[in-house]
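Notes to accompany the following structure.
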Amino acid sequence: MKLVAFIEFLRRQLRRVVFICLGLLAVLVVVDAIPALVDKEHAHTRLEHLPGFWAVFGLLGCIALILLSKAFGHAGIMTREDYYDE
Amino acid sequence: MNEFWLHPALVLILGGLLLPLVPARLRKPYLLLIPALAFARAMLMPRGVFGEVHFLEWVLVFGRVDALSSVFGYIMGLMCLISTLYALHVEENGQHIAAWLYAGGALGAIYAGDYLTLFLFWEVMALSSVFLVWFRRGPESLAAGFRYLLVHTAGGLSLLAGIVLHCKAGGHGWSFDALDVHHPTLAAYLILGGFLLNAAVPPLHAWLPDAYGEGTFNGSVFLCAFTTKTAVYALCRGFPGMEILVPLGVIMALYGVVYAVLENDCRRLLAYHIISQVGYMVAGVGLGTQMAINGACAHAFAHILYKGLLFMGCGAVLHMTGESKFTELGGLYKKMPLTFVFTLIGGLSISAFPLFSGFVSKSMIVQAGFDQHLLWAGFLLNLASVGTFLHTGLKVPYFIWFGKNQCKTATWERAAEPPWNMNAAMAVAAVLCVGIGCYTPYLYQMLPYPVDYHPYSSYHVSETLQLLLFTAVGFFLLIKKLEPEPTISLDMDWFYRKGARAFYWLARRPLQFVDTCVGEGYRLAGLIPLMFSARGAGQFDNRIIDGFVDGFAGAVAAFGRRLRRVQRGQMQESLSLSFAVVALLLVGFLIIFTRVAR
């Protein structure tokens, strides 16, 4: 099946795929810093005018969500699957 | 209105009731025809007030067709058609009947113009939808269904109490219109409580992941579309601009995201993301501006499609492998690549990726928050977007179709692409998700207010791409932390699940003890003296009464025996003897009488 073959091709080229993705991320932040390309007139706060603000927000937000949620879960919220069966 | 007006809910309800009579060879066309007719009816209905029925002292309004109800009626009719296509191969009529009654209930509530009609269909929804959980038939589904029903009964009672107080005691009449959100009464809070429970607002939300995770593979596709979105419609109608809904919506958006991190079951994870996404809509209702209400409606519209698509994708995995836990799946891209692509489209849509439906709907609400200068709400809703992409866009596809293959041999061997109808339903939903994202007028022209919003500004696209793609970086950096764990997460249902056990304990121990004490006290103080007196009465009866009666009878019998000896069978002898005795008695009597007289 072509779809499976395409996915396996990407998996074989994983290092290259990762490299290209990182390059695209960098381009994204650079583009965000160019006023001619990204018009920040609609930004709501001063912070948003900083280049790559939402990139930092996304990365830190993601890390914070994972770490805090897991800490919350391991504080007693996550429990064994047969907890209610007894 | 006296002329005939066909309610789209009636098409579904009657169609469902007639389904068992349909010949087998016509069954599949019929299964598609009925929801198609209901959808066409919902789509083509003219605006106005129809279906007024005078009942006792009330006027029930079954058909209030306006801009707000039309957009919800349209998407619910469409989703009913797609979901029925998805379940086309299901042989059990009961499942289709329950699903159509449920969708009919939702349509009935959407078009209801008065509170009584709303309540009637509200309860039809609760009663019919529970069967979509019970039809899975496992013991856990049965229990989850009962919990679902009990919780919704409580919500329905709150709604009914509020309706009676508002309409009868408050003297407002039965018409279902916007309430005074700036000076809410007790009645308004009770009605709001009923709506918030169906919208799954914490702490009234635990029924949702509990039931939707236990529904049938196709039942949960219906469930995810109707109950919460009908509640969003009711909130839009009854409580626009109620400020408390903004913080509640933001809490919902983040609450669902946090629990989704912890979840090991893919369908329960999606259920937590319903709570998160409905949070955006609830916040939009709370903001109350035209743009925010438009955003809530648009997001409900988009959400029904992409969440349906996600539940269809994960339902296909459950249907084909029998598993829905990440710890029992992995590496399925080789077996179910098409399902992966469809689910990914659902994931990108819910994450509000540019060119997908969520991008053009969710951003309206966030923008409305920023426009109202509620910066905290705008930023926190964007944080919830991070969590949404983290789980639904990344975690679900990665740990089911990639990641470590944790499938058992039987699971792996069973895994395959689902039947054609399931793929077709997913394809239709996927096309619509992309279509709505690419061609905004399709959705925007249906919204209740004129739309002056352009999602594809360079800033919005740049903002969203940065937010989401750097979330992906965080995901791959911390992927070890996100490895699924075979656990469940305790939620608010703990209180009533454990509370019920405490109630059982209370019944078994203290209440049983009191009952035993009362029983023993009754036995000692009442029963034993009663038995004693009864025994005394018995002995009196036995010895005195029976002795007298038996003795008298014995004496009569003995006298009779003696008298019998006198009789020897000679008639003349007996007669002579009798006359002699009588003569002797007479003579004796006369002698005694004359002496006494003298």
Subject >> Donor on one side chain, acceptor on other, A/Y84 and B/E140, under 3.5 Å >> reply: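 No, B/E140 and A/Y84 have no side-chain donor paired with an acceptor closer than 3.5 Å.
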Original post:
Does any donor atom in the side chain of B/S462 or A/D32 lie under 3.5 Å from an acceptor atom in the other side chain?
Top reply: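 There is such a pair (donor and acceptor under 3.5 Å, judged by atom type) between the side chains of B/S462 and A/D32.
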Is [X] close to chain A through its backbone or its side chain, or both, or neither, when contacts mean heavy atoms under 4.5 Å?
{"X": "B/K395", "answer": "neither"}
{"X": "B/V461", "answer": "neither"}
{"X": "B/L467", "answer": "both"}
{"X": "B/N382", "answer": "both"}

Original post:
Any side-chain heavy atom of A/V56 within less than 4.5 Å of one from B/F470?
Top reply: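 Result no, sub-4.5 Å side-chain heavy-atom pair not found.
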Original post:
Which heavy atom in B/I488 sits nearest to a heavy atom in A/R80, and how many Å separate them?
Top reply: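 Distance-wise, the nearest heavy atoms are CG1-O, 3.4 Å.
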**OP:** List the atom of B/V261, the atom of A/L65, and the distance in Å for their closest heavy-atom pair.
**Re:**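 Where B/V261 meets A/L65 most closely, the heavy atoms are CG2-O, 4.3 Å.
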Original post:
Which region of A/A43, side chain (C-beta onward) or backbone (N, CA, C, O), has a non-hydrogen atom less than 4.5 Å from a non-hydrogen atom of chain B, or is it both or neither?
Top reply: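 Answer is both: backbone and side chain atoms of A/A43 are under 4.5 Å from chain B.
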**OP:** Considering only NZ, NE, NH1 and NH2 on the basic side and carboxylate oxygens on the acidic side, decide whether A/K70 and B/E485 come within less than 4.0 Å.
**Re:**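 Counted as a salt bridge, because a side-chain N and a carboxylate O are separated by less than 4.0 Å.
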**OP:** Can you measure from CD1 (A/I77) to CG (B/L490) and round to the nearest 0.5 angstrom?
**Re:**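 Here the rounded value is 5.5 Å.
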**OP:** Output the option from A/C21, A/A55, A/G58 having the highest count of non-hydrogen pairs under 4.5 Å with chain B.
**Re:**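 Heavy-atom pair counts peak at A/A55.
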Subject >> Heavy atoms from other residues, nucleotides or ligands near NZ of A/K40 exceed 12 (cutoff 6.0 Å) >> reply: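 Check passes, neighbour count above 12.
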Of all of [options], which one pairs up most often with chain A through heavy atoms under 4.5 Å apart?
{"options": "B/L390, B/L262, B/V386", "result": "B/L262"}
{"options": "B/F402, B/F389, B/F476", "result": "B/F402"}
{"options": "B/G387, B/G474, B/P486", "result": "B/P486"}

